[in-house]
Amino acid sequence: MTTDFPFALEAPNQSPPFVDRNFFDEDLPLRDAAARAGFDDEAEQLSAFGAAYGAEEQLEAGRLANENPPRLRVVDSRGNRLDAVEFHPAYHALMTRSMQAGLHCSIWDHAGEAMSPQGHAARAVRLYIATQTEAGHMCPLTMTNASLAALRAAPDVARAWLPKILGRAYDPALKPWWEKSAVTLGMGMTEPQGGTDVRANTSKAAPVEGGYEITGAKWFMSAPMCDAFLVLAQAPGGLTTFLLPRFRPDGAKNAIFFRRLKDKLGNRSNASSEVEFVNAFGERIGEEGQGIKTILEMVQLTRLDCAVSSAGLMRFAVAYAAHHSSWRRVFQRRLIDQSLMRATLADLALEVEGATALALRLARAFDRAPDDPSEAAYARLVTPAAKYLICKSAPHLVYEAMECLGGNGYVEEWPLARLYREAPVNAIWEGSGNVMALDVLRAVSRAPEAAAGTIAKLGEASGLDPTALGLFVSPAALSERQARRFCERLARLAAADALAEGQAGLNEAYVAARLRGEGASQYGAADLAGAEDKLIERILPA
Ligand SMILES: Cc1cc2nc3c(=O)[nH]c(=O)nc-3n(C[C@H](O)[C@H](O)[C@H](O)COP(=O)(O)OP(=O)(O)OC[C@H]3O[C@@H](n4cnc5c(N)ncnc54)[C@H](O)[C@@H]3O)c2cc1C
């Protein structure tokens, strides 16, 4: 007697794995933005990069690094203090590839004596791609890349560390930085009593011969296996930035003690620690009392990275949803051929088009800012607005993309569950939503003419009257209560402007759906001004 299996031996009507894809070639919004940044002659390298990060093996490393999160080893078997974090080999493989690609440093490759970074947009394209494979290991890469902006306030320290920061051969060993082929740097600002309000920091810095001794606690300090940390502490002259290396100049371990690793919602491949310093050696970076100004140089760059990375995460989510929908048949028809699914996918795609164009346009402003005051004004005003909008859009968008997969989307073996847990963090760290909105107001009130000039230009390019959108620059008329609205509108206008530069003609759909439309709260309801088919074709071109 034969017994039929209740399940077929091969599961029917499931989409194949989304692996061995080219994360550059298949991404038209990214390719358009890269072309606008003038990277046509780099297309071959970017294509190779996109293939490497879309490879099955690379995506599998991302899964393994998250399913096997890092572990803190406080002491060794004999009770000697270790303060070491152990990572799965997959995490090391991710770091090896991404450091080889220079994601932790490439803007400083040709910075010269003036320490003026270049190539933000070129790096942003790669960051956008790499984050789709695995977002957690972006944390040390982003912080290392940004750290030199703060270190410049202590030129001797910056010069000493620069060759190691530019090193491309990942070296995870816990040993003095000067013995390593390459280093990574982290940042410790947030204390138990306050993160946003760093003026409330109570860590103390006492001047000693050759440096300072730092004593205090940090509530969050990510990537604790970094070789040094930029830390805020109260010196005699006020809040000051310090560089705390894992090893003191005499080769002894520095007094940096990890209490525990945070048990986080997502971002699980990355370690985030609680830490104590007990007379830890530190070098002063910048003047005493100038700590916030110094560290903000770094934070401006990490905020750009948050926007770029969230745009990358959104891209992966929508590409995955489109891939699944083009295979899955429901009521005998492919989902992607059914009108309401098309409306949903197209609306999601529009959000990604705007986020990608805006993030890359912002990276270009960073490149142009040193020689062009109007680009510097754009970068100052739009950075917090772009971080606000893009990072806050990501969780909702990933959720809707997840739903396109039905029940599969909610299952851990499929990547959207991990992506969903990852998505909120870029909005929280490096300045949470309200803080970004308030920072936009600060930029307006400190330089109203520059802000007005930026906003007027954005309006011209996208054919909109900024005043009608509530974007009138009158510091007296702007209250904190309106900051979120102002910030969101500004970011939407900037995204429409960035899309207007492109050939795809999608700015009209964006303006109609996101600035003029009825403002439906869920994807799939917006009027897309006839751009639906084009938006869907551009997600995964044949
Ligand atoms: C996974 C992870 C890793 C992290 N890694 C690091 C790290 O490596 N180094 C580091 O220094 N920090 C790190 N952080 C900390 C992070 O930067 C802070 O959590 C964040 O800046 C917010 O600070 P807070 O938690 O103290 O919240 P609070 O400052 O208490 O803020 C709480 C809320 O109040 C809002 N708010 C603040 N001020 C105002 C205001 N004036 N008006 C209205 N609303 C306001 C904020 O937007 C926020 O939503 C990490 C956080 C996470 C989640």
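Nothing fancy with the numbering, it's 1 onward along the sequence. We count ligands from 1, going down the list as the structure has it; atoms in each ligand are counted the same way.
Under 4.0 angstrom from ligand 1, there are no non-hydrogen atoms of Glu480. Contacts with ligand 1 closer than 4.0 Å are made by no heavy atom of Asn270, backbone or side chain. Contacts of Ser222 with ligand 1, taken as heavy-atom pairs under 4.0 Å, involve both backbone and side chain.
Near Trp429, meaning under 4.0 Å from one of its heavy atoms, ligand 1 places the atoms 1 (C), 2 (C), 3 (C), 4 (C), 17 (O). The atoms of ligand 1 that sit less than 4.0 Å from any heavy atom of Met221 are 7 (C), 8 (O). Close approach of ligand 1 to Val435 is summarised as follows: ligand atoms under 4.0 Å from at least one heavy atom of the residue are 37 (C), 47 (O). Which parts of ligand 1 touch Met189 is read off a 4.0 Å heavy-atom cut-off, strictly below it: atoms 10 (C), 11 (O). Ligand-side atoms of ligand 1 in range of Gly188: 11 (O), range being under 4.0 angstrom from any heavy atom. Close approach of ligand 1 to Val425 (heavy-atom distance below 4.0 Å) involves ligand atoms 1 (C). Under a 4.0 Å criterion applied to the non-hydrogen atoms of Met187, ligand 1 contributes the atoms 7 (C), 8 (O), 9 (N), 10 (C), 11 (O). Each of the atoms 1 (C) of ligand 1 lies under 4.0 Å from some heavy atom of Lys264.
Of the polar atoms of Asn267, none of the N or O atoms is found under 3.5 Å from an N or O of ligand 1, judged by distance alone. Residue Asp197 has no N or O atom closer than 3.5 Å to an N or O atom of ligand 1. Considering backbone and side-chain atoms alike, Leu438 places every N or O at 3.5 Å or more from each N or O of ligand 1. For the pair Thr196 and ligand 1, the shortest N or O to N or O distance falls below 3.5 Å.
Taking CG of Leu30 as the start and CD1 of Ile129 as the end, the distance is 5.5 Å to the nearest 0.5 Å. Atoms CD and CG, from Glu488 and Leu469 in turn, are 11.5 Å apart once rounded to the nearest 0.5 Å. Considering CD1 of Ile256 and OG of Ser273, their distance stands at 9.5 Å, rounded to 0.5 Å. Atom OG of Ser203 is separated from atom CD1 of Ile214 by 8.0 Å, given to the nearest 0.5 angstrom.
Contact annotation for atom 32 (C) of ligand 1: protein absent (non-hydrogen atoms, distance under 4.0 Å). Put simply, atom 25 (O) of ligand 1 has no protein non-hydrogen atoms near it, under 4.0 Å away. At least one protein heavy atom sits closer than 4.0 Å to atom 15 (C) of ligand 1. Of the protein's heavy atoms, at least one falls inside 4.0 Å of atom 44 (N) of ligand 1.
Just one residue in the list His137, Arg168, Arg126, His104 forms a side-chain hydrogen bond (donor to acceptor under 3.5 Å, both in side chains) with Ser98, and that residue is His137.
Side-chain contact annotation: Ser309 with Tyr128, donor-acceptor N/O pair under 3.5 Å absent. Using modelled atom types, one finds no donor on one side chain facing an acceptor on the other under 3.5 Å when comparing Gln234 with Asn201. If you check the side chains of Arg492 and Tyr510, you find a donor sitting under 3.5 Å from an acceptor.
Atom CZ of Arg199 is surrounded by 12 or fewer heavy atoms from other residues, nucleotides or ligands within 6.0 Å. In the displayed structure, Glu57 atom CD is contacted under 6.0 Å by at most 12 heavy atoms of other residues, nucleotides or ligands. Counting non-hydrogen atoms of other residues, nucleotides and ligands closer than 6.0 Å to CZ of Phe486 gives a total above 12.
A salt bridge is defined here as a Lys NZ or Arg NE, NH1 or NH2 lying under 4.0 Å from an Asp or Glu carboxylate O, and Asp263 with Arg268 meets this definition.
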